[in-house]
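Hydrogens, waters and symmetry mates are skipped; everything else that's a heavy atom, side chains included, is used. Each chain gets a letter, A, B and so on, in the order the sequences are listed, and its residues count up from 1. This one's a predicted model, so the numbers in the text were calculated from it and none came from an experiment.
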Protein chains: 2
Amino acid sequence: MAGIEEVAKLAGVSTATVSRALSGKAHVSAKAQDKVERAAAELGYVASSSAYGMATGKTRTIGVVVPFVDRWFFSAVLESAETKMRQHGYDLTLYNISGGEDQRKRIFDEFLLRKRVDAVFTCAIKFGDAELKNLNRTKKPILGIGGTVSGARTISIDDVAAAALATDHLLALGHKKIAMIGGHPASEMEFQQPNMRRRGYDQALERAGIEPNEAWYLPADFTIKGGYHAAKQLLGDPRGVPTAIFCASDEMGFGTIMAAKDLGLRVPEDVSVIGIDNHDMSEFFGLSTISQNVRELTEHAVDRLIKIIEGFKDGDPINIEENEEWPIELIVRATTARPASSRR
Amino acid sequence: MAGIEEVAKLAGVSTATVSRALSGKAHVSAKAQDKVERAAAELGYVASSSAYGMATGKTRTIGVVVPFVDRWFFSAVLESAETKMRQHGYDLTLYNISGGEDQRKRIFDEFLLRKRVDAVFTCAIKFGDAELKNLNRTKKPILGIGGTVSGARTISIDDVAAAALATDHLLALGHKKIAMIGGHPASEMEFQQPNMRRRGYDQALERAGIEPNEAWYLPADFTIKGGYHAAKQLLGDPRGVPTAIFCASDEMGFGTIMAAKDLGLRVPEDVSVIGIDNHDMSEFFGLSTISQNVRELTEHAVDRLIKIIEGFKDGDPINIEENEEWPIELIVRATTARPASSRR
DNA sequence: CTGAAAGCGCTTACAG
DNA sequence: CTGAAAGCGCTTACAG
């Protein structure tokens, strides 16, 4: 509870000197520096962030907006973001949109605007025009990952290319009957990933001269359970079964592997499976996948955002539309192989 | 960027009246109320939280400290806590301890103290004496879940009883050869759960006149992978195999189910499995479990903490040691049944 | 290098 | 019910 005044008194200097010594922003004589540090330590002084915020207009807090927190992808983002922000001396405040329209509105109209945050970091969030305008009006830089967003900076993989790469991997192994378990067109991810990943799959097939089979695109919800159910339908169909399944997320890939096993099918002998994400458990499942290195992506994005905040000069545009493409990587493990028909 | 001054000007009243009208803390004439509301809406005014914090000493932010965020239990806590806090008009700032000693020290010595938060909500965190003292000195109320903590309020299940209940369920079905997959004694959970759950298991067996078999307690790390590996060792041992396995977490239960299947064993015909948590995927796996209703527990705990903050009177002790026991519930699903030997 | 003082934008006793 | 003014605890031009 000790304030700067008490530290100044104990150190025998003015509050200005205390502030300067502790912030390191201006030179202070070695002697004064020492006295201040001793006094601060003795009193256990830590500057009040509200007062700091008043005086500087900075909160040293970044708002992170996510659609879910209890799904692996988002929790990995959250964990990496927190660690990186902490390193830079920033706090992370969490805004979770999953509570529906009301919660979302409250967050955008009230919380995010209340000068609580210096910037906004979003993951798989698409802004409404009004939301973006408000954020711009209050001079909040935005950086998004997990898809591009109009009017803001983003760092994102090329989802079309990622899906095409996964599909091409299966094609190159000799598969011709390739199904896809993807997302619902207008899904709660509120984002274009499902559509883009489907497009990549379609394009890859078409390039290989294969007509995409409508019945072999199954929408699910990106969870293990969703993948399991979809895969059961696909693999249990007596009228014809694919030899490979591309899943738009690794979690759906896990579900697909389990479904295959439960049907008595062997992976990859009877059916190949590939996902997208490189989930923490993918190695355990031996799942082939397309990695976007979420953790590094997040760390890179946080660094970038903080650079923007701290390098901001009056007159600079707050937000510009600009996507930095983040590289993807094919990781081949044990769930993809040549189809049985082409073996000898 | 509009300040209270501009609103006052536009509404033709003083800033005091604006503040009162918007906060609703004092009566304001209907006319003034209306003028203020209009003006605020027109200007898109939202009070600065730093200024609010300066004036009131409140931040309306709660610090949430967790050891992990990318594990289901903690992410469920985080999601529920955020939603509940938001409802009360509080922000959640995230403090993740997983980055090791340095990150932890920085959080406790610097961030949590910087008058950034009104209170601290912890999940499965054990404080050091110095940490607790600092928090008390800066008058931060603490509420913990996921285990009791000395010197602070907690809401927590009885872990010994939960483990005993799971074990008793297996015993009641007729199992005598019951193994346990638990935690490492001094685990990264930095908490007593592993030990307490083992104690509950031991006690239940002893009450049933069964001597716990040292070789049948396997430590793992609470993950699916960890559970899988442990279960493989248990179920593959040629010298003798348990008929039931109690896992200290549902995730280890999932791993155990997969291990059994991969060994060609049927669950529950050849081996029964029960966990603790009622994970979101437990229903999908058909896993019998002990539920602690994490989400409701978290919401209840947040309500409680906010009541403490807002009802605080000078002279009240900041933190008192007091545990509220949270009820548990046995949920029997498809992975537990009588042992084969006792069937006919 | 250092200090006195203004100022950041609110809230809230205190008067009226 | 309302307003003038003090005060919250810092930072930072401005002088010296």
Q.
Under 4.0 Å, counting only non-hydrogen atoms across every strand here, what does A:Ser19 touch: a base, just sugar-phosphate, or nothing?
A. base
Q. Which part of the nucleic acid, if any, lies within reach of B:Thr17 when heavy atoms closer than 4.0 Å are counted: base, sugar-phosphate only, or nothing?
A. sugar-phosphate
Q: Would you mind reading off the distance between B:Met54 atom CE and D:dC10 atom C1', rounded to a whole angstrom?
A: 7 Å
**Q.** Protein-nucleotide distance (A:Ile4, atom CD1; D:dC8, atom C1'), rounded to Å
**A.** 14 Å
Q: Counting heavy atoms from C-beta on, name the nucleotide in C:dA5, C:dT11, D:dA4 closest to the side chain of A:Ala16.
A: C:dA5
Q.
Between B:Arg116 and A:Thr61, do the side chains contain a donor N or O and an acceptor N or O under 3.5 Å apart?
A. yes
Q: Nearest whole angstrom, please: distance from the P of C:dC10 to the NZ of B:Lys9.
A: 13 Å
Q. Phosphate oxygens OP1/OP2 of D:dG3: is one of them under 4.0 Å from a side-chain N or O of B:Ser14?
A. yes
Q: Pick base, sugar-phosphate or nothing for A:Ala32, based on heavy-atom distances below 4.0 Å to the nucleic acid.
A: sugar-phosphate
Q: Round to a whole Å and report the spacing from CG of A:Leu22 to C1' of C:dC1.
A: 17 Å
(Q) Is B:Tyr52 close enough to C:dC8 that one of its side-chain N or O atoms is under 4.0 Å from OP1 or OP2 there? (A) no
Q.
With rounding to the closest Å, how many angstrom separate the C1' atoms on C:dG16 and C:dT12?
A. 16 Å
Q.
Rounded to whole Å, how long is the line connecting atom CD of A:Gln33 with atom P of C:dC1?
A. 11 Å
Q. Rounded to whole angstroms, how far apart are NZ on B:Lys58 and P on C:dT12?
A. 11 Å
Q) Given that B:Thr56 and B:Val28 both sit by DNA chain D, which one's nearest nucleotide is further toward the 5' end? A) B:Val28
Q.
Using Watson-Crick or G-U wobble geometry with both distances under 3.5 Å, which nucleotide pairs with D:dA13?
A. none
Q.
Any donor-acceptor pair under 3.5 Å linking the side-chain atoms of A:Tyr95 with those of B:Asp91?
A. yes
(Q) Nearest whole Å is fine: how far is D:dC10 P from B:Arg116 CZ? (A) 13 Å
Q. Would you say C:dT2 has OP1 or OP2 under 4.0 Å from some side-chain N or O of A:Ser29?
A. yes
Q | Of B:Ser50 and B:Lys25, the one whose closest DNA chain C nucleotide lies more 5' | A | B:Ser50
Q) Yes or no on salt bridge (Lys or Arg N to Asp or Glu O under 4.0 Å) for B:Arg106 and B:Asp102, after CA distance, side-chain angles and deciding distance? A) CA-CA 6 Å; B:Arg106 234 180 134 195; B:Asp102 275 7; over 6 Å; no
(Q) Suppose we define a pair by two distances each less than 3.5 Å, Watson-Crick or G-U wobble; what does D:dA4 pair with here? (A) none
Q | Atom pair distance, as rounded to whole Å: CZ in B:Arg20 and C1' in D:dC1 | A | 8 Å
Q | Pair A:Asn323-A:Thr148, side-chain hydrogen bond (donor to acceptor under 3.5 Å, both in side chains): steps then yes or no | A | CA-CA 6 Å; A:Asn323 181 56; A:Thr148 60; over 6 Å; no
Q | Distance-only donor-acceptor check, side chains B:Gln103 and A:Glu82, under 3.5 Å | A | yes
